Chemist: 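After the structure tokens below, expect a handful of questions from me.
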Amino acid sequence: QVQLVESGGGLVQAGGSLRLSCAASGRTFSSSAMGWFRQAPGKEREFVVAISWNGGSTYYAVSVRGRFTISRDNAKNTVYLQMNSLKPEDTALYYCAARRDSFGSARITDYDYWGQGTQVTVSS
């Protein structure tokens, strides 16, 4: 079993930055691919970014490429999402997810564990 706890969300002005963290419990973290997803009010949950077990491969949604950066520290069982140049359309509840596979995926159904989410609000 893996438990995920996100933190770092908040209110920021357009153009600003935030860094989200996702702390994981469980011994399988270092072999698990991780992903970030988001869900805006009235919209479906969507893929943001994923990272492989060792950080060697990353996958970004087109909408965040060049602005967001995912990283992980397996010694700390934590994955990070650095978000720069934030836009109002980035406003959403951001979820961390883990899968029982070493390589990331953009598909929600490929992930086995989910956190409760952290709210990111970008004002214009």
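Any value given below was found using the heavy atoms of this structure, including those in side chains, with hydrogens, waters and symmetry copies removed. These numbers were taken from a predicted model, which means no experiment stands behind them.
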Chemist: Phe29, Trp53: one ILVMFWY side-chain cluster at the under-4.5 Å cut-off?
Modeler: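 In one cluster: no.
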Chemist: Kindly indicate whether the side chain of Val49, heavy atoms from C-beta on, has any atom under 4.5 Å from the side chain of Arg65.
Modeler: no
Chemist: Any side-chain to backbone donor/acceptor pair from Thr78 onto Lys76? Under 3.5 Å, distance only.
Modeler: yes
Chemist: State the CG-CD distance between Leu93 and Gln119, to the nearest 0.5 angstrom.
Modeler: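 One finds 5.5 Å between CG of Leu93 and CD of Gln119.
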Chemist: Whether the side chain of Ser102 engages the backbone of Ser31 through a donor-acceptor N/O pair (distance < 3.5 Å, no angle test) should be reported.
Modeler: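 Answer holds: yes.
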Chemist: Would you name the heavy atoms of Gly117 and Glu6 that are closest together and state the gap between them?
Modeler: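 Between these two residues, the closest heavy atoms are N-OE1, 2.9 Å.
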Chemist: Can we call the ring centroids of Phe68 and Trp36 under 6.0 Å apart?
Modeler: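 Distance test on ring centres: not under 6.0 Å, no.
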Chemist: Nearest 0.5 Å please: distance from the CG atom of Asn54 over to the CG atom of Asn74.
Modeler: 8.0 Å
Chemist: What are the two closest heavy atoms between Arg67 and Ser85, and how far apart are they?
Modeler: NH1-O, 3.0 Å
Chemist: Determine, step by step, whether Val120 and Thr91 satisfy the side-chain contact (heavy atoms from CB on, under 4.5 Å) criterion, reporting the C-alpha distance in whole Å, the side-chain angles of both residues, the deciding distance to 0.1 Å, and the verdict.
Modeler: CA-CA 5 Å; Val120 171; Thr91 295; 5.9 Å; no
Chemist: Would you kindly confirm whether Trp114 and Leu4 end up in one hydrophobic cluster when ILVMFWY residues are joined by side chain heavy atoms under 4.5 Å apart?
Modeler: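 No, because Trp114 and Leu4 fall into different hydrophobic clusters, even though each may have its own neighbours under 4.5 Å.
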Chemist: For the residue pair Ser30 and Arg72, what are the closest heavy atoms and their distance?
Modeler: CA-NH2, 4.2 Å
Chemist: What side-chain hydrogen bond (donor to acceptor under 3.5 Å, both in side chains) pairs are there with at least one residue in residues 12-21, not counting sequence neighbours?
Modeler: Ser17-Asn84
Chemist: Can you list everything that forms a side-chain contact (heavy atoms from CB on, under 4.5 Å) with Ser57? Sequence neighbours excluded, please.
Modeler: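 Per chain and number, Ser57 pairs via side-chain contact (heavy atoms from CB on, under 4.5 Å) with Ser52, Tyr59.
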Chemist: Any side-chain heavy-atom pair from Phe37 and Ile108 closer than 4.5 angstrom?
Modeler: yes
Chemist: Heavy atoms only: give me the nearest Tyr60-Ile70 pair and the separation to one decimal.
Modeler: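 That closest heavy-atom pairing would be OH-N, 2.9 Å.
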Chemist: Counting neighbours of CD on Gln116 that are heavy atoms of other residues, nucleotides or ligands and sit closer than 6.0 Å, is the number greater than 12?
Modeler: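 Count not over threshold, so no.
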Chemist: Salt-bridged, Asp112 to Arg99, with N to O below 4.0 Å?
Modeler: no
Chemist: Same cluster or not: are Tyr111 and Ile51 linked, directly or through other Ile, Leu, Val, Met, Phe, Trp or Tyr residues, by side-chain heavy atoms under 4.5 angstrom apart?
Modeler: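 No, separate clusters.
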Chemist: Write down the atom of Lys87, the atom of Val122, and the distance for their closest heavy-atom approach.
Modeler: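 The answer is O-CB, 3.3 Å.
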Chemist: Residues two or more places apart in sequence or in another chain: which of them pass side-chain contact (heavy atoms from CB on, under 4.5 Å) with Ala106?
Modeler: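 In terms of side-chain contact (heavy atoms from CB on, under 4.5 Å), with neighbours along the sequence ignored, Ala106 is linked to Phe47.
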Chemist: Provide the closest heavy-atom pair for Ala33 versus Gly104 in the form atom of the first, atom of the second, distance.
Modeler: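 What the structure gives for the nearest pair is CB-N, 3.5 Å.
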Chemist: If you round to the nearest 0.5 Å, how far is OH of Tyr94 from CG of Leu20?
Modeler: 7.5 Å
Chemist: Between Val5 and Cys22, does the side-chain contact (heavy atoms from CB on, under 4.5 Å) criterion hold? Intermediate values first, please.
Modeler: CA-CA 5 Å; Val5 179; Cys22 173; over 6 Å; no
Chemist: Under the side chain to side chain donor-acceptor pair (under 3.5 Å) test, which residues partner Ser105, sequence neighbours left out?
Modeler: Asp110
Chemist: Less than 4.5 Å apart, any side-chain heavy atom of Cys96 and any of Met34?
Modeler: yes
Chemist: List for me each residue that meets salt bridge (charged side-chain N to carboxylate O under 4.0 Å, His left out) alongside Arg38, sequence neighbours excluded, and say none if there are none.
Modeler: Glu46, Asp90
Chemist: Run the side-chain contact (heavy atoms from CB on, under 4.5 Å) check on Leu81 and Thr69 step by step: do they pass?
Modeler: CA-CA 6 Å; Leu81 181 62; Thr69 304; over 6 Å; no
Chemist: Calculate, to the nearest 0.5 Å, the distance between atoms OH and OG belonging to Tyr80 and Ser71 respectively.
Modeler: 7.0 Å
Chemist: Is it the case that over 12 heavy atoms from other parts of the model lie below 6.0 angstrom from the CD atom of Gln82?
Modeler: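 Yes.
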Chemist: Could you list the residues that satisfy ring pair (Phe, Tyr, Trp, His ring centres under 6.0 Å) with Tyr95, not counting sequence neighbours?
Modeler: none
Chemist: Applying side chain to side chain contact (heavy atoms under 4.5 Å, CB included) between Leu18 and each of Val12, Thr121, Leu11, report the one that passes.
Modeler: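 With Leu18 as partner, side chain to side chain contact (heavy atoms under 4.5 Å, CB included) holds for just one option, Val12.
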